[in-house]
Structure formats: structure tokens, C-alpha cells
There are 4 protein chains.
Amino acid sequence: MGIQERRERERERRRQQILVAAKRVFSNRGFNKATMEDIAKEAELSPGTLYLYFKNKDELYASLSLRILQYLMIRLEHVNAEPLTDAAQRLKALKSAMYDVYEFDPLILINMFHMQSSETLKNLSSDLLNQIESLSRSSLQVMARIFEDGVRQKMFVAHHPNAVADTLWSLFSGIVLWETSKKTIDNQKDYLRETFDTAFEIFSRGIMRQ
Amino acid sequence: MGIQERRERERERRRQQILVAAKRVFSNRGFNKATMEDIAKEAELSPGTLYLYFKNKDELYASLSLRILQYLMIRLEHVNAEPLTDAAQRLKALKSAMYDVYEFDPLILINMFHMQSSETLKNLSSDLLNQIESLSRSSLQVMARIFEDGVRQKMFVAHHPNAVADTLWSLFSGIVLWETSKKTIDNQKDYLRETFDTAFEIFSRGIMRQ
Amino acid sequence: MGIQERRERERERRRQQILVAAKRVFSNRGFNKATMEDIAKEAELSPGTLYLYFKNKDELYASLSLRILQYLMIRLEHVNAEPLTDAAQRLKALKSAMYDVYEFDPLILINMFHMQSSETLKNLSSDLLNQIESLSRSSLQVMARIFEDGVRQKMFVAHHPNAVADTLWSLFSGIVLWETSKKTIDNQKDYLRETFDTAFEIFSRGIMRQ
Amino acid sequence: MGIQERRERERERRRQQILVAAKRVFSNRGFNKATMEDIAKEAELSPGTLYLYFKNKDELYASLSLRILQYLMIRLEHVNAEPLTDAAQRLKALKSAMYDVYEFDPLILINMFHMQSSETLKNLSSDLLNQIESLSRSSLQVMARIFEDGVRQKMFVAHHPNAVADTLWSLFSGIVLWETSKKTIDNQKDYLRETFDTAFEIFSRGIMRQ
DNA sequence: GATGAATGAGGTTTCATTCAT
DNA sequence: AATGAATGAAACCTCATTCAT
């Protein structure tokens, strides 16, 4: 391992250390209340150091999303790679993938949806914005391909695959945000899984041929 | 009209004047960037005056949501009040209602979803929070009742009515937020209606008996 | 006196109060070391208040210069207005005017020259920059006119009046900066007057006809 | 060449390398905006290394001035060494020397004047400050000697030679700073030579006997 | 009731300098 | 000797909120 490579690795480790701290602080103090100093303290680094790894606060926040998008992508590709047998099973695999994404990191997922629904997006460096965008676009395309295949195999009712993917994605993000908000207000327990079950059942029934 | 009543009326007029200004500013500058001074200027009032009508900035924002919830409630009750004929028509009416809500004031609707997905909720006065909550709860209940009726009439597949309402609501809010975010990034035109059409078709097919 | 006018007056008083404090702090701590908080404390105001009167730190600094330029302008116009008698007396009046400008506020004068010799200029609001520029331009023009008249009256050797004005202005600012720097290093007493005397004698002899 | 000497030479080479880089960065980014990291990058060294050769940022800046002062000194001594023939020619030689100093390195010259007119001076190590001071003092003395000789030879009007030297030096630095500032504002072309021509003509006429 | 000047806590960010490797 | 990652103090500036008029 060359010295260059080791440095690169060390640098990546630091980045992760900061992201982990950021996630923790963000989850404790909430999106707006978390300060760079909080994060620095949590990461046991100085504020200045954060800026060696992330251009500014928005970019640090946004970077949290990339990881989960990458995870989503991997899971979706797996679903797509499995031999096509039966529509119901396909959808089940898809549902399972999405739920895993939620469990992988609920807080960051909410963060991501939150960010997408705000004007924060406009302030990101075009580089990062492009990454997020392209990854999120590809994910939707992979999803769309699943539905496309299904339609071709006469398992799914004919719809524009992109629109179906958008529907599923909206359903998913809507549930995540809505259930989170209910949890915030009521301190209720986490009903997300149940809501998602019903929602998915309806969705499945809605797109599968009888 | 007593002097008391006239005062009350005058006061309400001011509140509306501020809300209108707030909405405009919020839509121009974005959620976080809008300042109280901006709003005051737009309302042709002084900053101090805003605080005579709204406890703080969060409350002012939150108050924007009430109006749209009230409108939602009215529309839903209408749907519910119509003589029950046929499931498809019921759902069509429901869809139409929701789309009207969107058109009634897209910006405030997004604002509302945005707020619900953030920790702003925690900072509201319990009074306002209660109002929002109860109104939003009732709306969901009215929706749920529609599905309940439908199930009883064997028009809809049996599901827990609340879960179906949650699904629809999530779907709706998810689409609004997701399509808005896409519009922000791409400066694309407004595809919301189309996405919602497909989504609703799938949803309808998913809950109706064949 | 209307309420509007009184407010305007009050506002101007505050501006002056801040400028006075800024000048004091600037002179004690030096150009770069002075902070907005220092100035606020000196003015017995809060930092935020400074920003109600000056857009940013650079503008506050630059505003210090305007006053002295205005004073310069007045003094020069007086020299110009006096009935033209004799070249020597004209120059004497001019010299006296410039020395008064120095005494009016040496620190701000140095500040002004310092600023002009730096890239701070680029960061000013175009409005303020224009004011400074135009005032400084007019001053030079008034000076140039004095020399122009002198040449026409055959009292001064023929030179391009603008170039003569530039020479005098450069001489003046050069002396101010150079003598100040010597004073800084040596903690010497203020030799400026003497240097200026000699310099002006040479200058006068250089432009007057024998 | 001993090993000691070679080391010394190597060290000097590095110093020069840094100074060259510093000059370049300073000229591009302006006095205040230039950072140590910029300079390090330009010199293809690391920030830490700069501190092995210069105590701090101020010293690095100040060191830039030494070279030009040395050049000035050499040129002035040449003027002084030439056989005294005629006052006009003496002054011409002096003027030519000063203009050469300007051309030798305008940026550093401005830098030097800029520094002299600021409180940076106070923060230098006494060693460096002494060097600058003594060199700048000697330069003025050499200049003064020229005028002294001229007076003794009845070519120049009697004035205190130091005061005349100060006048010339002030005139020179004043012009450099003033013309630079005009160039900054107007993006005008470089009028310095012309202004200096007129100024010097006036100055010459002012000190020469008729 | 309305004003709007003033507040001041608190946030983000920069950058000269250090020091372990 | 050279590195360059890390530091952390300190600066500028914003803006929700208050309160004397």
C-alpha cells in the first residue's frame, strides 16, 4: 500500500467520522438547531477541521444523503438482478428493499426527504448536487425497469413505468414523512411498518393483473 | 354591530392581511430565507406589529396551514355528504377534492408538508398545535369514513379504513413534495397532475373490488 | 419641524456617533485590528446597530473618508473664490488649506490615503465608491482650475493643470504617509509641518514664473 | 566550497523561491486576501515550510521590500558616484534611477509603500525592522548628499538636504500610490510615467538655481 | 394599537500557525 | 528539512424579538 493510498484511506476515514458525528447531532438537535460546533465537538475535532472535508454546512448535510442513496441503489439492483418469476414476488422484494433502506438509517432518510422538499438544494455545489441527482435518478430508473419488465411479462397492468416508479417513491417518502410527523406530535410508537404494509398491499393490488 | 364586534372584525382583517403577506414572501424567498422584516414590509406594517397578532415566527408560518386544512375539511365533508352510489365515483370525487386542495394554494400546501416533516412542530404553542392536529386528524377521519362506508357496501376491499386514509394522504403529500423538488432542480414544468393521475388510478384499482 | 425631519436628524446624529467611535477605535487599534465589536462598544451600541447605519465594515471605514473630502472641497473652493491677486499668495492659501485638511483629522486622512492605496476600494458599494470618487475628482479639478487660472494670468509656468494638481496631491499624500510611517517607527515627534514647508517651497518655486 | 556553505546557499535559494511566489500571489490576490496557503501552493511547498524561512506572514511580506531597497541603494550610489558636472543632469540621473526602481518591481514597491503606511510595521521583528529602516535611512541620506553637494556647488537653492530628499521621496511614493489607486478604480492605463515627468520638472525647477 | 430602532446571542467561516510524522 | 492535517481563536454579520414612544 503506497503512502498516497494510505493517506486517501485515512482521509476517507475522517470523512466517515465526521458524517457519523453529524448524523448523531442532527438526530439529537434537529435539522436547524444543529450547529457546526456541535458536530465538531461530537466528532472530537475542531470546527475548522470540518471545513477541510466539507465545503460548508449544507454540503455536510447533503453528503449524509449520498450514503443512503448508494445503499438504495444496491438493493434495487439486487431486486432487478433476481430471475423474474412472479409479479407478486417481485413486488415483495421491492417492498422489502425499501423497508431495508428505511431501517438502514431512518434519520438520514428523513433528512434526505426533508432536504429534497426545501430550497437547500439550490445552495449545494453543483458537483454534489449532480451526484445526488444522478443517483436518485438512476434509482428511479432501476425501479421503472422493474415495472417495465413486469408489464412486458403481462404481470403488471400497463402504465408508464416512470409514473409507476414515481408513485411508489412518493408513497414511500410520503409515508416516512407523515409517520415521522405523527410520531413527533404524539410520541406514538413507530407505526411506519404497518402503514407501509397496507399501502404496499394497495399499491400491489393496483398494479398487478388479476 | 357592537364596538366589541367591530374591533374583533378589524383584528381579524389585520391577521388576514399579515397571512397574505407572509404567504407571498414565503413563496418568493423560500422557507428559511424569509425574514419577519420582509413580511412586515410586504404587509406594509412594522415588524413589531406582527407580534401583536402572532406569538412568533413559527406560529405565523404554522397559521398559514390552518386555512388550507379548513378548506380540505370542507371539501372532504362534501364528498362524504354526497349520496353513496358507486365506489369509482366516490374515489373520483375524493381525488378531485385533493387536487382542488392543491390548486387552492400549492405554496401553502407545500409549506404545510414541509413543516410537518420538520422539528418546527415542537416549538408551536400548544393551542395552535392542537388546532392543526385536530383539524388534520378530523380530515383523516372523514377520509377514513369514506373508505369505511365503501368497505361496508362491499365496494372496497377490506382494509383498516385509517390505514387506507393514511396511505392516500401519504401518497398525496409524497407526490406534492417529490414533484416540487423535481421542479426545483430541473425547472421542469409542473407534472404533478399527471403523476397524481397515475398514482390515483393505481390506488383506486388497489382498493376497489373487481 | 415635522416628525419625518426629526427622525432624519436623529438618524444622522447616530451615524455621526458611530463614525466618531469608529475613528477613535481605528486610531487606537490600527486599521486591521479594529473590530466591529470594539467600535460598537466605543459607541455604546450593540454590534447589530452598526449594521443599521453601515452596510459592512468596509463601508464604515470608507465613510470616514467622506467627511474629510467634503472639508477639503470647501477649503479649496474658498481658495478659488478669493480674488486673484498674486501667484505666491494663491499658493500660500492653497498650502494653508491643505495643511488645515491634515489638521482637521490626521488619522482619517491617513486612513483615506491608506484605503486608496489598497484593494479595499473594490469591495465598496458602488454608491459609496461613486461618492468618494466624484468628490475626490472634483477636488482635484478645483485644484487644477487654480493652476489653470494662474497659467492664464502668466503667473505660473505653463503645465497641464491636471498634472500639476496631481503632483501637488501626490506630494501631499506622500508626505502624510511617509512622515506618519517615520513617526510610527521612531516615535518621533510630528515633523510633517516642516517637511511640508520645504516641499511646498520647492513646489512653489517650481511652478511660479520668476 | 564547504558543506556549511553549500547548505547556506541552498537555504538562500529556498528563501528566494518563496519570495518570488509571495510576490506573485500578492500581486494576484491583493495585500489582505493573500493567504499563506496560497503562497505555499505557488511555491510548491507546504505551509509549514514557509515558517522555516520566515517568522510569520508579516515578516514574509516585509522581506519583499528589502530587495527593492537594496536595488534603490545601488542605483542611488551610482548617481552619486558619477562625476559632478551639472545640476540638471544630476537630477535627470536621479529621476531615471527612481523610475528604474519603479520598473524593477512596481508591485513590490507599492507593497512597500503600503506597508510603510500601515501598522504592520509595529509587528515586525526588530531585526528585520532595523534592516529595512537602516537601508531606507541610508537611501535617503545618499539622496540628501546629492542635494548637499548641489547646494555646495551653488547649483541648487539652499534647503536642508534631508528635507529635500524627504520631499522627493514623498513625491515619488505619493505618485506611485495615487496613480495606482486611479488605475484600480478606472482600469485606466498606466499614466505614472507622465505624471512623474511633470512632477519632476516642477521639482527640478523648484530646487535649481536659475 | 402601532411603531421601528435597537438589541445581542449565536451562527458560519477563515486562516495564521503548530507539531507529530 | 519538509510536510500538511489539524487547530481554535476570532471575525463578521443576521435576524427574531422587545419596548419606549
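To find a chain, count down the sequence lines: A is the first, B the second, and so on, and within it residues start at 1. Given the structure is predicted, the values throughout are model-derived calculations rather than measurements.
- Counting heavy atoms from C-beta on, the side chains of B:Ile39 and B:Glu42 never come closer than 4.5 Å.
- You'll find the side chain of A:Lys41 stays beyond 4.5 Å of the side chain of A:Asp38, heavy atoms only.
- Within the 4.5 Å cutoff, side-chain heavy atoms of C:Leu19 are placed close to those of C:Gln16.
- Residue contacts shown for D:Arg14 are limited to sugar-phosphate atoms, with no base heavy atom under 4.0 Å away.
- For the pair C:Arg7 and C:Glu10, the salt-bridge criterion is not met [side-chain N within less than 4.0 Å of a carboxylate O].
- For DNA chain E, the residues of residues 35-48 of chain B within the heavy-atom distance limit of 4.0 Å (strictly under) are B:Leu45, B:Ser46, B:Pro47, B:Gly48, sorted by number.
- You'll find that the side chain of D:Tyr53 is closest to F:dA1, out of F:dA1, F:dT7, F:dA16.
- The partner of F:dT21 is E:dA2, judged by Watson-Crick or G-U wobble contacts that both fall below 3.5 Å.
- Look at CG on B:Asp58: it is 10 Å from P on F:dA16, rounded to the nearest Å.
- Between C:Leu52 and A:Leu50, the residue whose closest nucleotide on DNA chain F is further toward the 5' end is A:Leu50.
- Residues B:Leu52 and B:Arg14 form no side-chain contact, since every pair of their non-hydrogen atoms from C-beta on lies 4.5 Å or further apart.
- Note that the first and last nucleotides of DNA chain E, 5' to 3', having any atom under 4.0 angstrom from a heavy atom of chain D are E:dC15 to E:dT18.
- Per the geometry, CD belonging to D:Gln17 stands 12 Å off C1' belonging to F:dA2, to the nearest Å.
- The separation between D:Arg13 atom CZ and F:dA1 atom P is 14 Å, rounded to whole Å.
- A donor-acceptor distance shorter than 3.5 angstrom exists from the side chain of C:Gln17 to the backbone of C:Ala43, with no hydrogens or angles considered.
- Put simply, the side chain of B:Lys55 does not reach to within 4.5 Å of the side chain of B:Leu128, judged on heavy atoms.
- A donor-acceptor contact shorter than 3.5 Å is absent between the side chain of B:Asn130 and the backbone of B:Asp127.
- Nucleic acid contact class of C:Phe54 (heavy atoms, under 4.0 Å, all strands): none.
- Both D:Tyr51 and C:Arg11 sit near DNA chain E, but only C:Arg11 has its closest nucleotide nearer the 5' end.
- Not a single donor-acceptor pair under 3.5 Å links the side chain of A:Asn28 to the backbone N or O of A:Val25.
- Partner assigned to F:dA11 is E:dT12, using Watson-Crick or G-U wobble distances below 3.5 angstrom.
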